[in-house]
2 protein chains.
Amino acid sequence: MRTPGELSELFRANGRKVTAQRQCIFRVLEGDMTHPSAEAVHIAATREMETISLKTVYQTLHDLADLGEISSLDLGTGMIRFDPNVDDPHPHLVCRHCGKVRDLVAAFPDLQIPDGADLGFEVGSAEIVFRGLCPECRQSTLQLST
Amino acid sequence: MRTPGELSELFRANGRKVTAQRQCIFRVLEGDMTHPSAEAVHIAATREMETISLKTVYQTLHDLADLGEISSLDLGTGMIRFDPNVDDPHPHLVCRHCGKVRDLVAAFPDLQIPDGADLGFEVGSAEIVFRGLCPECRQSTLQLST
DNA sequence: GCCTTATCTACAATCAGTGTTGAAGAACAA
DNA sequence: TTGTTCTTCAACACTGATTGTAGATAAGGC
Ligand SMILES: [Mn+2]
Ligand SMILES: [Mn+2]
Ligand SMILES: [Zn+2]
Ligand SMILES: [Zn+2]
């Protein structure tokens, strides 16, 4: 995702207006590594702008996704997660217990489908997801099993 | 997943009763490669047993998942999909357009997380998903763009 | 300043899935 | 066969994320 300033340019160039709410959401997303849900973005945005509505957050997130500035991920945690890190593809670590999502920063081999194995699918993207327990939830489940 | 007969044994061994509805669901799942949703299982089951309820289908699918005989997959298609093929892990092909899910039958390298890159997660499983267009949807979207 | 678009509030609707109830039916052990 | 226990069914309400609607207000951009 680009900087808030660049995003404002981009929105204008696409005939969208640069409102205070949208800029607030730009700022909230900048550098957010938590893969927030729409609700999480809303909560963070409310700290800067008390009256921003959840509806507006959904709209702006979809605008950003349509422009390819963020990606929306359905990782099975019950809510769509948004990822400002779209520049290089990366695997995700997902906590089975609390739904935490983190980037896995490590080089992974490009997954190539052998010829004839794609069953006629026109494949556009590949995703790798590791599921497990995050450090915090590891702690709490340890206590349960003792 | 085991055969319907073996599943009946397994259910009895676990203190569950072997009802006609459950056996019907066992048969429906046997050899199903489509990764059906609960609703799809229900529709197929209704062909054999008209009065079987969707609730019972959900219950039995969860029973089977609890016993490890099928796996439940949330692949972002809007519905949980069930996979009787649990014996060897495999990637999935998912159609962005119609939600079709197919096994990718090809050997993939075991995904190993480099030391120190797991951010403290206790990783239990890895999933690979390829997204794209299935042959049928490729056809229909071709017609749209001409 | 004018036109257009965005936002807000408030509410209803969707949709997959879960929970509840009580009554009826079936499985299974004895 | 009998009795206990589990399962199913129907019918319904409910959840929770997300989308849709409406009219009124506000603000962006030229
Ligand atoms: Mn990410
Ligand atoms: Mn599969
Ligand atoms: Zn966790
Ligand atoms: Zn398709």
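Within every chain, numbering begins at 1; the chains are lettered A, B, ... in the order of the sequence lines, protein sequences first and strands thereafter.
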Rounded to whole angstroms, how far apart are [atom1] on [X] and [atom2] on [N]?
X: A:Arg81; N: D:dT18; atom1: CZ; atom2: P; value: 10 Å
X: A:Gln23; N: D:dA27; atom1: CD; atom2: P; value: 13 Å
X: A:Leu61; N: D:dA17; atom1: CG; atom2: C1'; value: 14 Å
X: B:Ile25; N: D:dT8; atom1: CD1; atom2: P; value: 7 Å
X: B:Met49; N: D:dT8; atom1: CE; atom2: C1'; value: 11 Å
X: A:Leu54; N: D:dT18; atom1: CG; atom2: C1'; value: 9 Å
X: A:Phe11; N: D:dG29; atom1: CZ; atom2: C1'; value: 16 Å
X: A:Leu73; N: D:dT18; atom1: CG; atom2: P; value: 12 Å

Would you say a side-chain N or O of [X] is under 4.0 Å from OP1 or OP2 of [N]?
X: B:Gln59; N: D:dT7; answer: no
X: A:His62; N: D:dT19; answer: yes
X: B:Arg22; N: D:dT8; answer: yes
X: B:Thr51; N: D:dT8; answer: no

Start and end of the DNA chain C segment that chain A contacts, any atom under 4.0 Å from a heavy atom: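 Going 5' to 3' along DNA chain C, contacts run C:dT4 to C:dT9.
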With distance as the sole test, does [X] use its side chain to make a donor-acceptor pair with the main-chain N or O of [Y] at under 3.5 Å?
X: A:His97; Y: A:Leu133; result: no
X: A:Arg81; Y: A:Gly99; result: yes
X: B:Ser140; Y: B:Cys137; result: yes
X: A:Gln139; Y: A:Glu136; result: no
X: B:His92; Y: B:Arg102; result: no
X: B:Thr56; Y: B:Ile52; result: no
X: B:Asn14; Y: B:Arg16; result: no
X: B:Arg138; Y: A:Gly120; result: yes

Answer yes or no: is there an ion pair linking A:Arg22 with A:Asp63, defined by an N-O contact shorter than 4.0 Å?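 Salt bridge between A:Arg22 and A:Asp63, a charged N being under 4.0 Å from a carboxylate O: yes.
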Carboxylate-amine/guanidinium proximity below 4.0 Å for A:Glu9 and A:Arg2: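 Not counted as a salt bridge, because no side-chain N and carboxylate O are separated by less than 4.0 Å.
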Take B:Val18 and B:Ala38, find for each the nucleotide of DNA chain C with the closest heavy atom, and name the residue whose nucleotide sits nearer the 5' end.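 Whichever sits nearer the 5' end wins; that is B:Ala38.
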Nearest nucleotide by nearest heavy atom, which residue falls closer to the 5' end of DNA chain C, A:Asp63 or B:Thr19?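 By nearest-heavy-atom nucleotide position, the 5'-most residue is A:Asp63.
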Which dot-bracket notation, 5' to 3', represents the base pairing of DNA chain C when pairs are defined as Watson-Crick or G-U with both distances under 3.5 Å, crossing pairs as [ ], and inter-strand pairs as |? ||||||||.||||||||.||||||||||||
Give B:Gly78 one of three labels, base, sugar-phosphate or nothing, depending on what nucleic acid heavy atoms sit under 4.0 Å from its own.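 B:Gly78: backbone/sugar contact only, no base atoms under 4.0 Å.
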Specify the residue among A:Glu39 and A:Lys55 whose closest nucleotide of DNA chain D lies further upstream toward the 5′ end.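 Closer to the 5' end of DNA chain D: A:Glu39.
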Record whether the side chain of B:Lys17 comes under 3.5 Å of the base of D:dT5 through a donor-acceptor pair of N or O atoms.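 Flag set: donor-acceptor pair detected.
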